[in-house]
Chemist: 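First, the structure itself, so that you have it in front of you.
The structure presented is a predicted model; accordingly, all values stated were derived computationally and were not measured. The basis for the numbers below is simple: all heavy atoms, side chains too, and nothing from hydrogens, waters or symmetry mates.
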Amino acid sequence: MRILLTEDDHAISDGLCYTLGQEGYSVAQAYTLSQARTLLERESFDLALLDLNLPDGSGYGLCGEIKGKSDIPVIFLTAYDGELNVVQGLDMGADDYIAKPFRVRELLSRIRSVMRRYQKNAEEVLSVGNIHLYPARAKVFKGDKEISLTAMEYRLLLAFLKNPGQVFTRARLLEEIWDVAGDFVNDNTLTVYVKRLREKLEDDIQNPRIIQTVRGLGYRVGENHDPQS
């Protein structure tokens, strides 16, 4: 799980980073709002730990920015636990807060509790790289931008994402996407659909990372493999 930690006290930040790392979390550290914004533009996170008082602004505003772009939990780290601060933080969309000084075990417990709530309520999503498919809504996104797919392209991508890393023969894919409405799908048509889907998903169509050709066998999806075509 990837965590964004925004805390201007280097000693506290380093200590939390070490402890969270020992618990199996991957942590990206930011000491200012600007550093946190840069990290958020470059990476995806599963949770954000935000200090309220930062050198170049307030964690309240950053919380609003995060919630406006993604649905990840936010926990405030604050030196104040007055009712006004708590209410303001929750109104900004924060999922929890913890007042300094706090015990690390208490923070870990808060993180686990928040993540359990999110996982329980989370919408199913199938992902590879920066491609995200939401079956319940039949929507596909590349990063934050929605991609328009035809019904056949969508069914083809869905088949791939349900079986990441698995090699699909062309015959198997034809079975997966056969159009029940009666439109004829043959081997040549499949090649066209794969090409069109790559054009919409890939950053470099000449070196596909999402839909890869396995020579002599078929196709597979998964950016962790070296593409062969």
Side-chain angles (χ1 to χ4, degrees), residues 1-4 26 39-48 65-74 93 95 114-183 185-214 217-229:
M1 190 175 92
R2 186 71 166 155
I3 295 177
L4 171 64
S26 173
L39 287 171
L40 286 165
E41 290 175 358
R42 294 176 179 174
E43 303 181 42
S44 296
F45 295 94
D46 302 295
L47 179 140
E65 293 175 26
I66 291 174
K67 291 295 187 177
K69 295 180 179 179
S70 61
D71 185 27
I72 66 169
V74 172
D95 298 271
V114 165
M115 293 308 299
R116 279 197 299 270
R117 294 202 304 270
Y118 264 71
Q119 289 164 1
K120 182 178 180 180
N121 298 322
E123 178 183 7
E124 180 188 9
V125 57
L126 303 173
S127 301
V128 58
N130 65 343
I131 304 299
H132 310 289
L133 185 151
Y134 296 84
R137 293 181 283 156
K139 290 183 178 294
V140 178
F141 291 82
K142 183 175 183 179
D144 295 327
K145 182 179 179 181
E146 185 175 356
I147 300 173
S148 178
L149 299 181
T150 66
M152 198 69 74
E153 290 166 352
Y154 175 83
R155 286 159 61 182
L156 181 60
L157 180 61
L158 182 62
F160 278 130
L161 293 185
K162 283 185 174 180
N163 302 276
Q166 180 178 326
V167 176
F168 279 82
T169 64
R170 298 176 69 85
R172 166 83 183 280
L173 281 175
L174 287 171
E175 291 177 2
E176 290 282 346
I177 67 171
W178 183 263
D179 193 342
V180 294
D183 289 344
V185 181
N186 61 18
D187 195 67
N188 291 332
T189 308
L190 176 62
T191 300
V192 173
Y193 283 128
V194 170
K195 179 177 181 293
R196 290 178 179 173
L197 192 55
R198 278 175 167 167
E199 289 172 348
K200 295 180 179 181
L201 302 182
E202 303 287 355
D203 292 327
D204 182 358
I205 190 65
Q206 300 302 321
N207 297 285
R209 301 285 298 174
I210 306 299
I211 299 176
Q212 304 161 3
T213 299
V214 182
L217 295 176
Y219 302 97
R220 69 180 169 200
V221 67
E223 64 170 7
N224 293 327
H225 302 281
D226 292 328
Q228 298 185 47
S229 96

Chemist: Any heavy-atom pair between the side chains of F160 and L173 that's under 4.5 Å?
Modeler: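 Heavy-atom side-chain distance check passes, below 4.5 Å.
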
Chemist: Mind running side-chain hydrogen bond (donor to acceptor under 3.5 Å, both in side chains) on T191 and R170 for me, showing each step along the way?
Modeler: CA-CA 9 Å; T191 300; R170 298 176 69 85; 2.5 Å; yes

Chemist: Which one of K142, R198, R209 satisfies the salt bridge (charged side-chain N to carboxylate O under 4.0 Å, His left out) criterion with D203?
Modeler: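 Exactly one pass, corresponding to K142.
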
Chemist: Considering residues at least two apart in sequence or located in another chain, which fulfil the salt bridge (charged side-chain N to carboxylate O under 4.0 Å, His left out) criterion with K69?
Modeler: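 None.
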
Chemist: Let me confirm one number: the NZ-NZ distance from K200 to K195, rounded to the nearest 0.5 Å.
Modeler: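 Here the rounded value is 11.5 Å.
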
Chemist: Excluding sequence neighbours, so at least two apart, what forms salt bridge (charged side-chain N to carboxylate O under 4.0 Å, His left out) with E41?
Modeler: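 With sequence neighbours excluded, E41 shows a salt bridge (charged side-chain N to carboxylate O under 4.0 Å, His left out) to no residue whatsoever.
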
Chemist: With no hydrogens and no angle check, is any side-chain donor or acceptor of E202 less than 3.5 Å from a backbone partner on E199?
Modeler: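 The answer is no, because no donor-acceptor pair under 3.5 Å joins these two groups.
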
Chemist: For V194 versus Y219, what's the shortest heavy-atom pair and its separation?
Modeler: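 Minimum heavy-atom separation between V194 and Y219: CG1-CE2, 3.8 Å.
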
Chemist: Of all the heavy-atom pairs spanning Q212 and P208, show the shortest one and how long it is.
Modeler: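 Answer, listing the atom of Q212 first, then P208: CG-O, 3.9 Å.
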
Chemist: Between the side chains of K67 and D95, is the shortest nitrogen-to-carboxylate-oxygen separation below 4.0 Å, so that they form an ion pair?
Modeler: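 Between K67 and D95 there is a salt bridge, with a charged N closer than 4.0 Å to a carboxylate O.
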
Chemist: Output, in order, the C-alpha distance, side-chain angles, deciding distance and verdict of side chain to side chain contact (heavy atoms under 4.5 Å, CB included) for L47 and I72.
Modeler: CA-CA 5 Å; L47 179 140; I72 66 169; 5.9 Å; no

Chemist: Under the side chain to side chain contact (heavy atoms under 4.5 Å, CB included) rule, what do E146 and V140 come out as? Steps first, then yes or no, please.
Modeler: CA-CA 6 Å; E146 185 175 356; V140 178; over 6 Å; no

Chemist: Within a strict 4.5 Å, meaning less than it, do heavy atoms of the D204 and N207 side chains meet?
Modeler: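 D204 reaches N207 side chain to side chain.
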
Chemist: In Å, rounded to the nearest 0.5 Å, how long is the span from CG of L40 to CD of E65?
Modeler: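 Separation between the atoms: 8.0 Å.
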
Chemist: Might you work through the side chain to side chain contact (heavy atoms under 4.5 Å, CB included) test for L158 and R155, ending with a clear yes or no?
Modeler: CA-CA 5 Å; L158 182 62; R155 286 159 61 182; 5.5 Å; no

Chemist: To the nearest 0.5 Å, tell me how far I211 CD1 sits from L156 CG.
Modeler: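 Between atom CD1 of I211 and atom CG of L156 there are 6.0 Å.
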
Chemist: Take T169 and L217, measure what side chain to side chain contact (heavy atoms under 4.5 Å, CB included) needs, and give me the verdict at the end.
Modeler: CA-CA 6 Å; T169 64; L217 295 176; 5.7 Å; no

Chemist: With a 4.5 Å heavy-atom cut-off, do L126 and H132 have their side chains touching?
Modeler: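 Answer no - side chains too far apart.
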
Chemist: I'd like to check I131 versus L133 (side-chain heavy atoms, cut-off strictly below 4.5 Å). Are they in contact?
Modeler: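 Counting from C-beta outward, I131 and L133 never come under 4.5 Å.
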
Chemist: Measure the shortest side-chain to side-chain distance between I147 and L201 over non-hydrogen atoms and say whether it is less than 4.5 angstrom.
Modeler: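 The answer is yes; the side chains approach within 4.5 Å.
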
Chemist: Just wondering, more than 12 heavy atoms not from K139 lying within 6.0 Å of its NZ?
Modeler: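 Incorrect, the count does not exceed 12.
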
Chemist: Would you mind checking if R2 and E43 are paired as a salt bridge, meaning a charged N to carboxylate O distance below 4.0 Å?
Modeler: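 The answer is yes: the pair qualifies as a salt bridge.
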
Chemist: Supply the atom-to-atom distance S148 OG to E153 CD, rounded to the nearest 0.5 angstrom.
Modeler: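 So the OG of S148 and the CD of E153 are separated by 8.0 Å.
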
Chemist: Could you pull out the closest heavy-atom pair between S127 and V125, with the gap in Å?
Modeler: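 Shortest heavy-atom contact: OG-CG2, 3.5 Å.
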
Chemist: Looking at D144, I'd like to know if its CG atom is crowded, meaning that more than 12 non-hydrogen atoms belonging to other residues, nucleotides or ligands lie closer than 6.0 Å.
Modeler: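 Result for CG/D144: open.
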
Chemist: So, taking the atom named CZ in F168 and the one named CD in Q166, what distance separates them when rounded to the nearest 0.5 Å?
Modeler: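 Reported to 0.5 Å precision, the distance equals 4.5 Å.
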
Chemist: Below 4.5 Å, heavy atoms only, C-beta onward: do L4 and L39 meet side chain to side chain?
Modeler: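 A side-chain contact under 4.5 Å exists here.
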
Chemist: Got a second to check how far R196's CZ is from L149's CG, nearest 0.5 Å?
Modeler: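 Atom-to-atom, R196:CZ and L149:CG are 12.0 Å apart.
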
Chemist: How close do P73 and V114 get, heavy atom to heavy atom, and via which atoms?
Modeler: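 Closest approach of P73 to V114: CB-CG1, 3.1 Å.
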
